[in-house]
Amino acid sequence: AFQHRLWPEIEKTVKQQVAMARMGIGDCGSGWQLFAEDGEMKMYRREEEVDGMVVDPLKAVHVVKGITGHEVCHYFFSPQYRYDWETTLEQMTVLETISDDTLMFHQIHKRIWPASQRDVVFWSHMRKLPNDQDRDGPDIWTVVNNSTEDPDHPANAGKCVRIFLTVCLLCQTRVIPPKDGTPLSRDNISCKITYCSVVNPGGWAPASVLRAVYKREYPKFLKRFTAYVKNQTKSKPIMY
Ligand SMILES: CCCCCc1ccc(-c2ccc(S(=O)(=O)CCO)cc2)cc1CCc1ccccn1
């Protein structure tokens with residue numbers, strides 16, 4: 001098939017991000033600190049600064065009943081649903097359809113006082129991965145979003161400060177077949193979600209402001225997004 005100019009970068013980044021997402025939190029010596037918890041959802045961050053800017057890596061793990069990894073990735077990847085669950089989104093444009101599982105986006109996020117407004121250009125790729133741990137286990141699905149350049153949307157040309165991010169959503173479906181051999185229902189499935197992100201906020205923003213924004217926005221985002229997927233799928237056939 002025709003190779004898009006971004007394909008080598010996409011391949012490399014997906015493999016790298018999936019490997020990192022699969023790594024556990026490890027013991028507390030690994031620098032991961034739990035900063036938010038809500039039921040099955042646990043959010044960790046590492047405090048890191050680059051040139052005095054906060055670029056704290058974030059890793060969230062969540063287990064949600066009644067949905068599959070394919071469904072979670074479908075609603076995360078597909079542009080037509082994004083305004084429904086991404087509350088900080090002011091504008092989203094699909095810049096290029098690279099393939100049916102790879103898109104390029106420009107997003108302008110709502111301004112968060114006192115920092116200046118941010119925007120981001122990134123490619124987004126959705127992929128099913130073989131479950132190499134458990135051969136006959138359900139597949140693993142992932143979406144990787146990674147900042148990229150677009151000549152028509154140069155960084156910091158307008159009112160927004162350009163941010164740079166790498167995001168990996170990794171989903172592992174779990175099926176517990178009913179004892180009595182009845183057909184599978186949503187009561188017998190759950191999805192283990194790992195969400196990893198590293199965001200460079202671009203222009204300078206006070207560390208206290210950034211950390212407060214992330215502490216407030218990330219738990220809200222993951223809870224709202226997963227509740228959205230449950231609600232969208234509850235009366236639809238299971239998409240494995
Ligand atoms: C002063 C604030 C500077 C940071 C603002 C910022 C930075 C990045 C992002 C963001 C977060 C998740 C993605 S994604 O996972 O790819 C999904 C597609 O939208 C893309 C962009 C957003 C926001 C705005 C605040 C904020 C922080 C977290 C979570 C949600 N909102």
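The basis for the numbers below is simple: all heavy atoms, side chains too, and nothing from hydrogens, waters or symmetry mates. Counting starts at 1 for both ligands and their atoms, in listed order.
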Part of [X] with heavy atoms under 4.0 Å of ligand 1, whether side chain, backbone, both or neither:
X    : answer
L169 : neither
V120 : neither
K220 : neither
A115 : side chain

- Check the angle between the aromatic planes of F76 and Y195 and answer parallel, tilted or perpendicular using the 30° and 60° thresholds. perpendicular
- Message: Ring-plane angle category for W7 and H125, please: parallel below 30°, perpendicular beyond 60°, tilted otherwise.
- Response: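 If you compare the ring of W7 with that of H125, the planes turn out perpendicular.
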When you compare ligand 1 with [X], is there at least one nitrogen or oxygen pair between them that comes in under 3.5 angstrom?
X    : value
Y214 : no
E217 : no
H109 : no

Less than 4.0 Å between a side-chain N and a carboxylate O, is that true for [Y] and [X]?
X    : Y    : value
E217 : K220 : yes
K65  : E40  : no
D56  : R46  : no

Suppose we measure from [atom] to each protein heavy atom; which comes out shortest, and what is that distance?
atom                    : answer
atom 13 (C) of ligand 1 : E86 OE2, 4.0 Å
atom 7 (C) of ligand 1  : I163 CD1, 3.3 Å
atom 3 (C) of ligand 1  : L210 CD2, 3.7 Å
atom 11 (C) of ligand 1 : Y218 OH, 4.1 Å
atom 24 (C) of ligand 1 : T88 OG1, 3.8 Å
atom 25 (C) of ligand 1 : I112 CD1, 3.6 Å
atom 20 (C) of ligand 1 : L165 CD2, 3.6 Å

- Nearest neighbour of atom 14 (S) of ligand 1 from the list V209, L222, V143, N145, on a heavy-atom basis: N145
- Item | With Q117 via side chain to side chain donor-acceptor pair (under 3.5 Å) - residues at least two apart |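 Partners of Q117 by the side chain to side chain donor-acceptor pair (under 3.5 Å) criterion, ordered by chain and then number, come out as E90, K159.
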- Message: Looking at ligand 1, is there an atom of it that comes within less than 4.0 Å of some heavy atom belonging to Y195?
- Response: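 Per 4.0 Å heavy-atom rule, Y195 contacts ligand 1.
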- Nearest 0.5 Å please: distance from the CD1 atom of I238 over to the CG atom of N188. 7.5 Å
- CG of L165 to CG of N146: how many Å apart, nearest 0.5 Å? 7.5 Å
- Any non-hydrogen protein atom less than 4.0 Å away from atom 22 (C) of ligand 1: yes
- With K42, the side-chain contact (heavy atoms from CB on, under 4.5 Å) member among I25, V63, V61: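 Going through the options one by one, the only one that passes is V61.
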- Distance-only, no hydrogens or angles: does the R118 side chain make a donor-acceptor pair with backbone N or O of P201 under 3.5 Å?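 Looks like yes, one N/O pair under 3.5 Å.
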- Sub-4.0 Å atoms of ligand 1 with respect to non-hydrogen atoms of Q107: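 Under 4.0 Å from Q107, ligand 1 has these atoms: 18 (C), 19 (O).
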- Tell me, please, whether Y218 has R45 positioned over its six-membered ring: NZ or CZ under 6.0 Å from the ring centre and within 45 degrees of its axis?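 Because its charged atom misses either the 6.0 Å distance or the 45° angle limit, R45 does not stack over Y218.
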